[in-house]
Structures are given as structure tokens and as C-alpha cells.
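Below you'll find the structure, written out as C-alpha cells, and then a few comments.
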Amino acid sequence: MRIRPFEYLAPESLEEALTELRNFGSDTVLLAGGTDLILAMKHKSVLPTRVMGLQKVRELNFIRQKNSTVHIGALATHSWLCAHDVILKKLPMLGEAVSMIGSWQIRNIATLGGNLCNASPAADSAPPLLALDSRVVLADSDGEQEAPLSSFFLGPGQTALTPSQILKEVIIEIPSNPYSGCYLKMTRKRGIDLAVVGVAFHAEIDPSTQTLAKVAIALGGVAPTPMRATEAEKILAGLSSEEALRALADAAQAAVAATTPIDDIRATAEYRKAIVEVYVRQAGAKVINSLVKAGGNRN
Amino acid sequence: MSDLQVVGKSYPQIDAMEKAMGKTTFVSDLVLPNMLYGRILRSPFPHAKILNINTAKARALPGVKAVVTYNDTPGIPFGPRTEDWTIFAKDKVRFFGDEVAAVAAIDEDTAEKALDLIQVEYEELPFVTDPVEALKPGAPLVHEDRPNNIAAEFRIEAGDVDEALSKSDFVYEDRYQSNQVYQAYLEPMGGIADVDISGRVTLWAGTQIPNMSRMTYAKALGLAPDDIRIIVPDYGGGFGGKFETNVHLIAIVLAQKTGRPVRVFNTRYDDFIAGNPRVPMYIDIKIGATEEGLLTGKEVKVIGAAGARVVYAQAIVSTACYRVDSLYRFKNVRATGYTVYTNTVPTGCFRGFGNAQMTFVLESALDTIAEALSIDPAELRKKNAIGPNETSVHGWEIKSCALRECISKATEAASWAEKRKKRKKFKGIGIACCNHVSGNRPFAREFDGGSGIVRIGRDGRVLVFHGESDMGQGQKTAFAQIVAERLGVPLEMVHVAQVDTDISPFGCGSFASRGTVMGGHGVLAAAEDAFRQLAEIVAAKLEANPDDVVCRDGKFFIKGSPDTAIPFKDVADQAATLRHGAPIVGVGFYDPPTVLPDPETKYGNISPVYPFACHIAEVEVDPDTGVVEVTNYVAAHDSGKVVNPMAIEGQIDGGVLQGMGWALMENMVVKDGRLVNPDFLDYLVPTAMDAPRVNKILVEPIDPNGPYGAKGIGEPALNPVTAAISNAIYDATGIRMKELPITPEKILARLKEGRKE
Amino acid sequence: MKTVITITVNGERHSLEVKPNSTLVDVLRDQLGLRGTKKGCGEGKCGSCTVLLDGLSVSSCILLAVQADGREVVTIEGFGECGRPHPLQKAFVERGAVQCGYCTPGMIVTAKALLENNPSPDEKVVRKAIAGNLCRCTGYTKIVDAILSLADRGSELVKGEKEDGS
């Protein structure tokens, strides 16, 4: 379980990092917190000749709100996220999800960027961000490019990043409508586990019609990449809260139908589907009820 | 006994502050001058012929000091029970993880790199991993000289089982399966070996059985036991897993080869694939009862997987076969046990030995009987419970026994009757009992007692030597308390020496919940001897009879005249002066009143004392996900007089959680002959978030055979847990789970089946 | 292939030549001789190697030493001095939270990070905070109680339980 030797680079600016990547990107592996990468190096599933540590690149380490958007730098740690005011107030579902990642020791080091770039189908940060229609900013030495997060994941461990690119930040639009979200995670024990299934449920209510203006359901652990359950969303969108609560069972079925889980050591495909069904119902009910409650309070 | 000063009081472990401050040198913290680092090349196949091993490239790597294989060892077959071990695989590997070769190098990086350079040519062989499959004709043979893969057979019979079952009002028959679980001590197995110029070996190792493993290792190396010195520094947990291991022998072989100290420790991965986890078992049970709920007869058949070599599996299988027979008033019992070779990791001891496996089965069966007969499960157990001063069906002489009291107190604490009446959907309560031993006469080779040495320093400090092992359970503290009590000195005056086979007395070791009873009696006898010598000096000085000398709080006086007291340290000083520096050394031993079981009938008395327990678990089952939450847990124990209440509470808390992990989540999963979850990500060890609070009840009968009346606790703390939880799940859902662990998936599948019906 | 890092360990500044592939735990144990930090799994899954990095608890077995460059590390050896243990060390000892002791240094480091972050955690918070520290001996109860005994609110809780529970 020793790590094989490699050359270590520690650029101090984004520009320095990107220049390095333009020249030697295909030989270089990026290290953010390293909690996944170092383990992979110990297991020899990754044997890099060059490792670029990003922690001194300050331009990647921020959480800020600009008007109605939240910008999160790739190096923001999970601990920082789940304690940050902006996240707690504006994106509590995301805070909830990352607070369930690994141990506290891991959350203190592991980053949002790392969690996304590692591209685990069960990454806890992905379902909430997908449900919020987040965008990612990819940077290379030629400039920056924005893309929806949904196009970022290509498969287990695979992303749209090219060897010369760095995931710079994640941008999330704060909905203008009243909204609520919930992330439910099935684990095999209470403390510290990967998500056997993760379900993010986000909904917005149109104050004028009191119907669901948007419903977004994103799932982790049930497909090669984190995914949206669009058919299920369609069933609920536009319904009143009462109708939506009644339709939740159908939506849950539709969500299950969209999944393509596998059997592995952690769970069977069948169990994963069963949990998706239960969690979409539970998360949906929680979210819709809280929207109703919030609306009621306001009136 | 109410005038006890030290025994019976709560103390932190005597070395706890050292540990809390990070100052304790654990065995894996040791560094010796000029030390090399060893690593073991393990088999990537569950079963394969070794055609060729080429170590040339590895040897050529700079920094590599030795590469060894079977040919570098004496090649003597050995083993703690069955001589089916070799230090390295000879011409075939028998499990995924089997030792093939090893290297010693100047650092860990080099050692690991060298492993990659060893070229081994294998020819894969068909393999068998399930013991039932392994018994079938035509199954691949793990050892060619063992037909049908049978490593050992065990039979025991008493009374007339067939007649008893035929006359029963109700007979329950079923098959259960107990899975393979890993001890998961926090410090992996390993050691450091050094060889002096005469060839004498010193091994620093975390082992529960320093003296017995020395005998095994001597055989393997073609040495005499005295050619090996084993020192046991503090080590991070054992739970039965740290008995003999090839890791130690490989360290010795590498040290012999290089003439330098060599450190070999399992990585966590190696420890998972090549430790000695619990013996998995298939257990068939047939058990009868009268209408009134009296157990009539019982027959069990146990098929246990030894893995690729026998560590202690056959003793574990035989324990599974009959230990529970002395929990209740059984008269007619029959058991057959097969210990079967498989191409899986060799299995060994794990808290509870085989008793934990069978307790799961028996206590599950009792609940089924109780339901069929409409008898309260707690009542059923009380009706059949063995009692004090009874002799069990196999001749076990139970002296103290508070089993019934444990049941009463546990049920009371859990509001059992009330909760059984007001049933709530998906909430359940379950009960299970257990018995155990403190020492095991047929397990120890020549004797099963204990011994000790107590040396009085010139300043009055007391140093205790013993030959058992403190794996973290607090053995040293218990010994210190017992010695302090007997000498009449405060606990701070008593220190306990590291076990060193050159200095310490022989002890069988820490297993079978025997430490406090056997080792405790041993050091008590030694303290007695030391006290007698001190008393003579005091008596001469005070012109009294030595028999009238007493010591309290570190002051000697004559019975009845506490005002004329001499400090303990003054007497110690005087003794050393009078004796020209020769210290007062007390030596003592304990010969327990056990009876070696008859080889044919197994009738005998295997332990001087017998601990008992009753556990009650409450659970809530989520019908949507199958997730079980343990909402309340009560553990009532009869461990005799409790030497250290705080320590015994810690043992119970730890045992219950380890049992809960086993019941609900822990499982070693083998696919295609390989362990697929060899890490703490997928092998699920409960965390603080998973742990329930345990309501611990200590019932304390004074056992005439225990030191100050004490009995053991280590294993009884775990034995009943799986059954208590499973019975609670049954109570909550109506689902009887016969296979461990009881995962949410299994529960949900059964709930869905039920809904369909 | 070595590189020089500067780290402050238990208040002492060190300039160390390290291999980029060395983990922090190996540098602490092998280069600095601080063997109070334990290695239990090498995979960041057991918490035995927990140290504080700039005040945050981290698993030093899955952290490269180069990642600690310019930062401050506190290990168990930095907690109290000879004869004057840190209150957490005292609480662990007095409440029987130490058995084999192999998890203890990491557990105490995590507990310190917790209490500094949240001086009055309740039991649930304590359990979540130490969920990354495996202990196989104690069942965690006495560890949780030791930590709660130092928490503003927790100390009342522990006392209360002892009083009506016994």
C-alpha cells in the first residue's frame, strides 16, 4: 500500500497551473484534497508520473454569492461548504448532501471539485447540483468555458475534462420562486459510507398559481453517472401541491424506470430500485409539504 | 467480602494515561537499530500449483537484503492443532492470500517494489470455498491426504435423544448459517524478529498466547522453545485473532537470513485476506420440548469451514457442538461436527469461539418453541435454566450461577412484560441467554491453570509478572488490583511487567475468557507467597505470629492492634537489606479443579467457573427500507464478583457492539475464491453513530472457584447478541432470519415476499 | 526526488526533506519520531492517524506530506505535557474510554477539534464527529461520555445520566 514515486508540482496561480497543463497535461494528474487520488495511488489503480497539487492556487478556493448566483470554487472543502452561510441559507440541500460525505476528517480535506471530477456514480454532491441545474466552469490556458454539469459526467470515473483543463468553479442559480430541496442517502451503516442510493429532490412553487413551477429529481448510485429522472419530474411539474403529493407514487415509479443500477458488493440492483422508489416518495413529500408550509406562513 | 479495598472498585486501566498521551510504544511503533522492513508475497489464486518462483530480479533490486521462499525454511510441517502448516506454500497455494515468498529491504517502499519483481508461475486448480460443497464427492481436495476435505470430526452424545424427541410435544428443526466475520482489531498483526549470534531468536509480537505460540514456532523452525524469546509490548486489540501467525515466523526467517532485525506487519488488506477470521458454520438443529416448555432433547450437526489450514477450527466446531448444553438442563443431546477444509482464509478464534455461533441458533430456536407453545420466551428460558450447584449433562460442575436472576433483572429493566403485551408494528423486543467458560481444560495442552511472580522492590513498589496477555481488555489492571488487594497496598504501588518469556512465568494466554480467573489466581498465589515472606519479617519485628500479620493501605500491623503499624515500604527496604539485596519474590500457581473430559464421552469439567448472561434487544424496523435500528439494549451478566466495574462495563459495551455489527452488517464476502471487501469501506465496522447505549446490569454471585469470586466476561459479552437482535426483529416483523448478517436487503426481500403471499 | 517542506509540528518549525510520495503520517512517525499517531488502515477509513492540520482534523495517512507544506500540524504528543495531561486525556482516562488504546490518540485529536469548533455539542453531534474514528474495544459509550463531560451542555447530561441510570 505504498505510493509509487512521482514528480510533484505545486503551482501558486491558476495561470501557472494551466500553462503547465497545456504543455504536459496528458502526463499530469491533478490533486485537490487528494482523499480519492491518494487512495487510488496506494491501490495502484492510478500510477501518475506527475502530480499537480492545486491547494496553493487561491483562485480556486472561494464560495461567494453574486446577485442571484452562487459561485463555488473547485477547492472549497465539504466542511467549509456545509458550514458556509450562503450554502446554509440558499442551498441547504447541497450542504446537507456534502455533510454526509465520508468522515469529518475527509470532509476537512476533500473538495467539491474533487468529488465531481472523481465522477463516482454515487458522489453525494452531484445529485443536488444536478437538480439545481448547476453549471461548471472549465478553464484552460486559452480561457474559460461554461457547461451544464449534466454534460460533465461521461461515465464512472470519466468526465468531459480534457487533459489541459481544470474544473474551476461551479455556478448555481438561486431560484426566484420559493423553493425547497431534500437529499436522502441510503447507506449500509449510519456512520461513514458511500451512497448505495442518493436522491435529491428540488421543487419550486409558482406563487401566483400555487403550482409546482419546477420539479427536479436527481439520483446517485443507480446509473453509470449521477442522473436526472426527467420523466418523473414531468409527472409532477405544473401540479398543485395536493395533486403532486398524490402523484408522488407514480413519479417514484417513473424514477425507478429511468435507473439502470448494477448488483455489487454494496447492494443489488433490485434493492437500489426499491430505495429509489421509497426515497423519491419520501423526499418529494418532505419538499412539497415544506413548500406548502412556507407558503402558508407567508400568507 | 465487603471489606475489599481494591477489588470491586472502578479504576482506569493502569496504563491508560500513557496511551491517552500517545506515549505507549505499541508493537508496531517499535524501531530497532539497523532494522529491515519485510513484506509478504501472497497468492493471487484460491488454489494453484506453484510451478516456479524466480526471485532473481527482486534480489537484484538495490536495498533488498533477502528474498525467501519455502526453500529457505526448515520445511517442517507444524500447526497449533493440526500439522498442516508450512511457513510458505510448498508446491501449491491453498487460498487467496497464502504465503508464497517474502522480502526484507531497507524501507517499506523498496520492500513493496521487490514484491512486484518476484515472478511466480502458477497453474490454477479448481477450488472450493463452501464447506458443504467441499464435503461432496469429487470436490477439489485442499490437502490431498485429507479425503472429502474433512479436517476433523467430532461426536458427542448423552442420554437418549431419539426417544426424547419422539416423546416431545413439539419438535423444531431447521438449518442456520453463520457467516464469516473479521476481528478488526485496530492494529494489524505483525512483529519484529531479531536473531543473536548464537542463533537465539527474539520476537516482539502482539500475541494473545506468547507461551503457546513459542512452542508452535519452535517446532516450525526446528528449534527448542527456549531458543525463542517472545516479548509482548502493548498491542492494539485481539478479540481472538492474534494467536499463531505465519507473519511472525516469516519475520524470524528473514531475520535469520539477514542477521538484522526485521519488522513484518500485515497491511490492513493483508490482514483481511490472511488473518484468522471467524469459522463460518452451517448448523442443523432439531430440538424438542414438552407442552409445559421443558426442553427434552436436542440434536445438532455443525459443518464449519477451517479454510486452507486448521488454526483452531476443530476446537471451535466442537465448542459449537456442545457448550450450550450446559446453559439449560438438557439431558438428551447429540452433536456431530465436521471441520472442513476449503480454499479460503484459515479461520481461527474470535470472541465467543464456537459458542457464539451456536448461541445464535439455539436461542433463535427457543423463541420458535416459545411461540409454538404460547409460552413467554423469558419464562421458557427460566424454566430450563441451569442453576447453582448443578452438574450439567456433560459433567460441568456449575458452582455459582445467577442465570435466572440475570433473566429477571434484564426483563425488568427492559419492561419486557409490558412491551410484549403492547405490541407495535415494526417494533420488537428479543431476548437471548448464554453461558461460557473461564478457561478450557481440553484446549490447553498440559495444564490449564495459571501462575505468577510478585517481586517486591526495595522501595515497596510491587512488580507483577504473568504469562497471559493484555490485548487492551485490562488484564494488567485486573492483576494489579488482585495483587494490591492481597498485599494490602494501594493500586498505584503495583506495576505489571511486560510479558517476556525469558522472565515471565508460563501462562496459556488470553483466550476462553480465562485471564482474570486463571492468571488472576496465579498472581494471587504469588502475592500470597510474597506476603508470607513479608509477614515473617513484620512478625519478628513486632514479636507476633506471622499468621496474625495484616496489611492495609500500605501499612503492616498485627491483627487487633492497628495503631502499631509499619509502612509497607519500610518492610520492603528492611527485607532487601537483611537479604543482601535479594528481593522478596513470591511465586505461585493455580491448579484449577477441572476434569479433563473423557476422550470418548467428553464427560468432564472443563472450567473452574462458568459465567452466564441474559441480553434483551429492542429494535425498530423500517418497512420501506428494511433498515433495523437497535433502540434499546439491556445486558445482564453473571461474571461473579466484578474485579473492576468500569472495565467490565467497557467489555460489555464493546462486546455488544461487536455482536451487533455481526448481527446486522459485518460480512466477509468471497466471490470466485477471493475476498471482495478487504477494507473498512465495504467491510462494515459499526461507528459511534451505529452504537446503541447499553444498560448494563451486573449480578455478582461470589464464585468459590474464582479469585475473590470472579469469573470471565470477554466472550459472554458478545455471545447472545446476534440472537437477541434476531429475536427482536422476528418480534417486529414476523420474519425469522436464519442467516447472518441480517441486512436491510434481506429483510426487505422477506417483507415483500410476505406482502405477496 | 526529494523536496523540502516547512511544517510546524506541535509548535516547532521543521524544514524537512521529504519524498513527494510520502504520506504525512509516515513523515511524522518515521522522520520526526512522533509515533503517537497510529496507522490502522492506511486508507483513511479508521481515524487512527488523525492529526490537526491548521486546526482541522484530517487523516494523515491519505494526505501527502507535501500537502502540509507551510501549515501547522498538531499530533497527540502536542496535547499536554508530562504529568500535566490535557483535560480530554484526563477525561478519557477517568471515564474508562481507553482500552487497547490504539484508537485513542486519533480519537482525542478529533474530540479536540470538535470542542474547539463547538464547545457544547450534544450526544448526536459527538457521535457524528467521531464517526470517522473506529474503535473496536469500547462500543464508543465511554468515549462519547468522556467528550460530553467536557462539553458545556454535555457535562450536565453525563452527570444526569449517571445519577438516574445507576
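Chain identifiers are assigned alphabetically (A, B, ...) following the order of the sequence lines, protein sequences preceding nucleic acid strands; residue numbering begins at 1 within each chain.
- The two residues C:Ala97 and C:Lys142 have their closest heavy-atom pair at CB-O, 3.5 Å.
- Taking each heavy atom of A:Ser125 and A:Ile101 in turn, the nearest pair found is N-CD1, 4.4 Å.
- Put simply, of A:Leu31, A:Val51, A:Thr77, the one with the most heavy-atom pairs under 4.5 Å next to chain C is A:Leu31.
- Contacts of A:Ile3 with chain C are made by both backbone and side-chain atoms, with heavy-atom separations under 4.5 Å.
- Using modelled atom types, one finds a donor on one side chain and an acceptor on the other under 3.5 Å when comparing A:Ser290 with A:Ser180.
- Contact check on C:Arg71 versus C:Asp54 returns a salt bridge, with a Lys/Arg side-chain nitrogen under 4.0 Å from an Asp/Glu carboxylate oxygen.
- When each of A:His43, A:Gln55, A:Met1 is checked for heavy-atom pairs under 4.5 Å with chain C, A:Gln55 comes out on top.
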Check: Does the salt bridge (Lys or Arg N to Asp or Glu O under 4.0 Å) test come out yes or no for A:Arg50 and A:Asp27, once each step is laid out?
Finding: CA-CA 6 Å; A:Arg50 286 156 55 91; A:Asp27 299 329; 5.6 Å; no

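- Both the backbone and the side chain of C:Ser59 have a heavy atom closer than 4.5 Å to some heavy atom of chain A.
- In this structure a side-chain-to-backbone donor-acceptor pair under 3.5 Å is missing from C:Asp26 to C:Arg29.
- When each of C:Val73, C:Ile76, C:Leu34 is paired with C:Asn10, the side chain to side chain contact (heavy atoms under 4.5 Å, CB included) condition holds for C:Leu34 and for no other.
- Both the backbone and the side chain of C:Leu64 have a heavy atom closer than 4.5 Å to some heavy atom of chain A.
- Contact annotation for residues 7-21 of chain A against chain C (heavy-atom separation below 4.5 Å, listed by residue number): A:Glu7, A:Tyr8.
- Of the listed residues (C:Ser22, C:Ser57, C:Pro20, C:Ser60), the one with the most heavy-atom contacts under 4.5 Å to chain A is C:Ser57.
- One finds the CG atom of A:Leu219 at 12.5 Å from the CZ atom of A:Arg272 (value rounded to the nearest 0.5 Å).
- Side chain of C:Gln89 to main chain of C:His86: a donor-acceptor pair is present (N/O by atom type, distance under 3.5 Å, no hydrogens or angles).
- Contacts from residues 39-51 of chain C to chain A, taken as heavy-atom pairs separated by less than 4.5 Å, involve C:Lys39, C:Gly42, C:Glu43, C:Gly44, C:Lys45, C:Gly47, C:Thr50 in sequence order.
- Side chain of A:Asn289 to backbone of A:Ala285: a donor-acceptor contact under 3.5 angstrom is found.
- Contacts between C:Asn117 and chain A at a heavy-atom distance below 4.5 Å involve the side chain alone, from C-beta outward.
- Between C:Thr6 and C:Asp69, the closest heavy-atom pair is N-OD1, 2.9 Å.
- Interface summary for chain C: among A:Lys189, A:Arg190, A:Arg2, the most heavy-atom pairs under 4.5 angstrom belong to A:Arg2.
- Using modelled atom types and a 3.5 Å distance limit, the side chains of A:Asp263 and A:Thr268 yield no donor-acceptor pair.
- A:Lys286 forms no cation-pi arrangement with A:Phe201, by the criterion of a distance under 6.0 Å to the ring centre and an angle within 45° of the ring axis.
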